[in-house]
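The block underneath contains the structure these notes are about, expressed in structure tokens.
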Amino acid sequence: MTNGGLWPQVERLLASVERPARYIDREWNAVHQPGADYRAALVYPDTYEIGQANQAIAILYATLNGLPAVVAERAYLPWLDMSTAMRDAGVPLFSLESCTALSEFDLIGITVPYELTYSNILEVLDLAGLPIRASERTEAHPLVIGGGPSAFNPEPFAPFFDAVLVGEGEEAVADIVAAHRAAKQSGLDRAATLMALSAVPGVYVPALYRPEYDADGAFIGVSAVPGAPDVVTKRVLADLDAHRPPTAPIVPFMDVVHDRFGVEVLRGCTRGCRFCQAGMVYRPVRERSADPIVRDVLAGLACTGYDEVSLTSLSTTDHSQLEEVLRRLQRRLEGTGVSVSLPSLRVDAFGVEMARLVSAGGKKSGLTLAPEAGTQRMRDVINKNVTEEDLLGSVQRAFEAGWRRVKLYFMIGLPTETDDDVRGIGELVGRVFRVAREATPPAQRGGLRVAVSVSTFVPKAQTPFQWDAQLPLEEVRRRQSVLRESMPRKGVELHWHDSDVSFLEGVMARGGREVADVIEAAWRDGATFDAWTERFNPSRWAAAFEACGIEPASIANRERTPAEPLPWDHISAGVSKRYLLRERERALTGELTPDCSFESCAGCDVCQDLGVDIVLGGVARG
């Protein structure tokens with residue numbers, strides 16, 4: 001097969017499928033390097049319009065294409081109509097840039113963004129014509145390497161990957177390619193190549209690790225074979241400014257989610273919310289300095305033609321130079337029609353001031369705030385570090401400044417939650433509505449809206465709440481009823497996440513390698529695109545658990561003891577277990593832990609153990 005060899009077959013399928021733009025090539029800024037001698041395919045396991053916005057793929061795409069004689073191409077999971085047509089016509093999954101079968105690449109990198117995409121990974125591998133289990137692949141198959149946020153508990157999907165990158169990829173992908181190239185040049189077989197990859201910091205090779213059980217079948221830990229590290233520690237970049245983000249990203253031909261130019265302004269978050277996996281595993285905070293941010297925004301807009309730029313991160317309004325960045329961009333972009341957006345706002349005056357700054361002179365879209373809990377007691381348990389006065393003051397200032405819609409995010413089912421805490425959400429929303437109404441001129445009060453989104457708490461690996469039980473389904477539904485009864489009706493739109501979806505997410509988030517059998521059984525029964533509401537079928541998953549002899553409630557709804565081995569104990573995000581335990585104890589007493597970026601060290605150990613310091617405004621704190 002040569003580059004582009006599949007295109008005539010693919011082209012014949014496009015007239016009969018929806019959104020054929022998902023499967024064509026030649027988007028603006030796409031990279032074509034037919035002469036490269038090492039080829040990597042980067043795959044997002046969902047549709048093009050979902051995956052195209054993924055910044056990790058964009059960063060790795062630019063990084064790999066910048067290496068000598070290396071080319072990276074992209075692939076996405078085709079929607080059902082296209083995958084059916086491809087199977088009927090015998091067309092394997094292909095890359096967009098050269099329409100090459102994925103099986104012809106040296107390396108296939110699949111990002112694993114969240115738990116409900118696990119079955120999609122199997123669909124990717126099967127459509128590509130690869131064995132879905134790494135143990136069944138031969139010397140003729142490419143390496144299949146995973147990575148992304150879910151890598152911090154890789155066990156449920158471990159059997160499907162040859163290796164998993166834990167942590168940040170900018171430097172690691174070059175090391176992985178170099179190790180693979182060296183192995184090929186030395187004529188190493190697949191087993192020896194995998195052992196060589198395990199020597200690359202941050203690379204976890206599942207085949208070199210074995211889950212172990214006692215005589216009663218209880219999990220007692222994961223052991224490494226001789227030569228593999230006992231614990232795989234995440235890769236982390238010390239200096240974000242040393243790695244320029246992509247300023248010529250691909251511009252799609254069709255509407256995609258987050259269809260705008262994005263620039264990452266900081267990585268990590270040290271606010272210390274005890275439920276937040278991202279806040280724990282991406283520590284420490286490393287800010288890019290103002291000059292390169294402004295430079296890259298202007299360069300990216302020139303290369304794409306976008307009329308909106310998003311300053312992205314876990315918590316953009318925490319950036320110590322954000323006000324300077326926004327004022328400089330405001331001056332440089334004045335009269336161009338380009339707007340600046342922030343993905344998240346602090347629940348305080350500063351967050352609203354930043355929102356005012358980015359919307360000055362333009363249309364005020366909705367304001368999104370995340371108080372997370374309805375009572376101060378509950379917000380202290382999760383270490384949210386905001387008060388009701390912060391929230392109400394922000395809403396008042398926002399509506400006085402012209403906003404007419406606010407969206408609030410909450411969770412139910414957090415550790416120690418009572419019915420009073422659940423009712424507290426409805427009562428707080430009522431106070432928010434009243435404050436917003438009083439701050440709105442009488443003639444405009446008809447358009448006032450408060451949207452409330454309520455998710456079910458899912459304990460995640462590598463967090464202080466990783467030992468806590470998730471609520472059983474029946475209790476979730478009861479508390480949703482309590483919430484509904486407490487919620488004001490007028491002017492409030494209430495939405496909550498499907499409790500069955502949250503339950504499956506909880507099983508996947510803390511499951512061990514045995515869950516891989518369930519994922520495969522569900523996929524063989526038709527489970528794909530489970531994150532799409534119309535596709536999720538809880539009965540299909542229940543049947544898969546039963547067929548595999550696994551009780552999912554024993555994973556999701558069972559509290560662990562601190563002494564109990566956890567399936568992800570051999571994966572380190574750098575944050576020590578003693579810190580997580582200490583934070584859990586502080587949660588039970590409602591004791592707050594301040595943000596270590598601006599106050600004293602909280603003792604999570606990540607800076608010391610990884611040799612990386614907090615960086616504010618591009619300067620390491622030292």
Side-chain ion pair, [X] and [Y], N-O less than 4.0 Å:
X	Y	result
E400	R397	no
E170	R267	yes
E493	K407	no
E115	K460	yes
E168	R235	no
R286	D613	no

Any donor-acceptor pair under 3.5 Å linking the side chain of [X] with the backbone of [Y]?
X	Y	value
D307	V338	no
N153	A461	no
R379	A373	yes
Q462	I571	yes
R405	L448	no
Q376	V386	yes
K234	V281	yes
E599	P594	no
R288	G618	no
N29	V251	no

Test of understanding: with salt bridge (Lys or Arg N to Asp or Glu O under 4.0 Å), list the residues that count as partners of [X], not counting sequence neighbours.
X	result
R578	D605
D291	R328
D239	none
E49	R19, R22

Subject >> side-chain contact (heavy atoms from CB on, under 4.5 Å) assessment of V340 paired with L311 >> reply: CA-CA 7 Å; V340 180; L311 305 181; 4.0 Å; yes
Any side-chain heavy-atom pair of [X] and [Y] under 4.5 Å:
X	Y	answer
Q466	L580	yes
E27	Y48	yes
E372	M378	no
T304	P249	yes
I145	V164	no
V429	F410	yes
T233	V166	no

Going by atom types only, do [X] and [Y] share a side-chain donor-acceptor pair under 3.5 Å?
X	Y	value
N65	Q33	yes
S289	D241	yes
H243	E171	yes
R327	Q330	no
T387	D390	yes
Q55	T312	yes
T270	R283	no

**OP:** Answer yes or no for R74 and Y61: cation-pi contact, defined as NZ/CZ to six-membered ring centre under 6.0 Å and angle to ring axis within 45°.
**Re:**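 Judged by the rule (NZ or CZ under 6.0 Å from the ring centre, within 45° of its axis), R74 counts as positioned above Y61.
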Could you work out, with side-chain contact (heavy atoms from CB on, under 4.5 Å) as the rule, every residue matching [X], not counting sequence neighbours?
X	answer
P459	F457, Q470, R510
A58	P246
V619	none
F598	D595, L616

Would you please name every residue forming a side-chain hydrogen bond (donor to acceptor under 3.5 Å, both in side chains) with [X], sequence neighbours left out?
X	result
H570	E155, Y204
D421	T375, R377, T418
S320	E287

**OP:** Would you check, one step at a time, whether the test side-chain contact (heavy atoms from CB on, under 4.5 Å) holds for L408 with V406?
**Re:** CA-CA 7 Å; L408 305 174; V406 63; 3.9 Å; yes
Subject >> For Y118, ring-ring contact (aromatic ring centres under 6.0 Å, His included) partners two or more places apart >> reply: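 Scan of Y118 (ring-ring contact (aromatic ring centres under 6.0 Å, His included), adjacent residues dropped) gives F157.
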Shortest non-hydrogen separation from [X] to [Y] and the atoms involved:
X	Y	result
D259	M254	OD2-O, 4.2 Å
Y76	G51	CE2-C, 3.6 Å
V381	T416	CG2-OG1, 3.7 Å
T593	R274	OG1-NH2, 3.3 Å
H258	A53	CB-CB, 4.0 Å

**OP:** Please indicate whether Y579 has more than 12 foreign heavy atoms, meaning atoms of other residues, nucleotides or ligands, lying under 6.0 Å from its OH.
**Re:**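 Buried by this count: over 12 neighbours within 6.0 Å.
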Original post:
If you draw a 6.0 Å radius around CZ in R244, do more than 12 non-hydrogen atoms from other residues or ligands fall strictly inside?
Top reply: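 Atom CZ in R244 is packed in, count exceeds 12.
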Subject >> Pairwise distance CG(L298) to CG(L333) - rounded to 0.5 angstrom >> reply: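 So the CG of L298 and the CG of L333 are separated by 6.0 Å.
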**OP:** Tell me, with the steps shown, if F161 and I110 meet side-chain contact (heavy atoms from CB on, under 4.5 Å).
**Re:** CA-CA 9 Å; F161 285 96; I110 305 177; 3.9 Å; yes
**OP:** Quick one: do L237 and V612 satisfy side-chain contact (heavy atoms from CB on, under 4.5 Å)? Show the steps, please.
**Re:** CA-CA 8 Å; L237 287 180; V612 179; over 6 Å; no
Original post:
Should R582 and E585 be marked as a salt bridge (charged side-chain N to carboxylate O under 4.0 Å, His left out) after you check the CA-CA gap, both sets of side-chain angles, and the distance that decides it?
Top reply: CA-CA 5 Å; R582 190 166 63 242; E585 291 166 1; over 6 Å; no
Original post:
Would you say the ring centroid of F261 lies under 6.0 angstrom from that of Y306?
Top reply: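 That pair fails the under 6.0 Å test.
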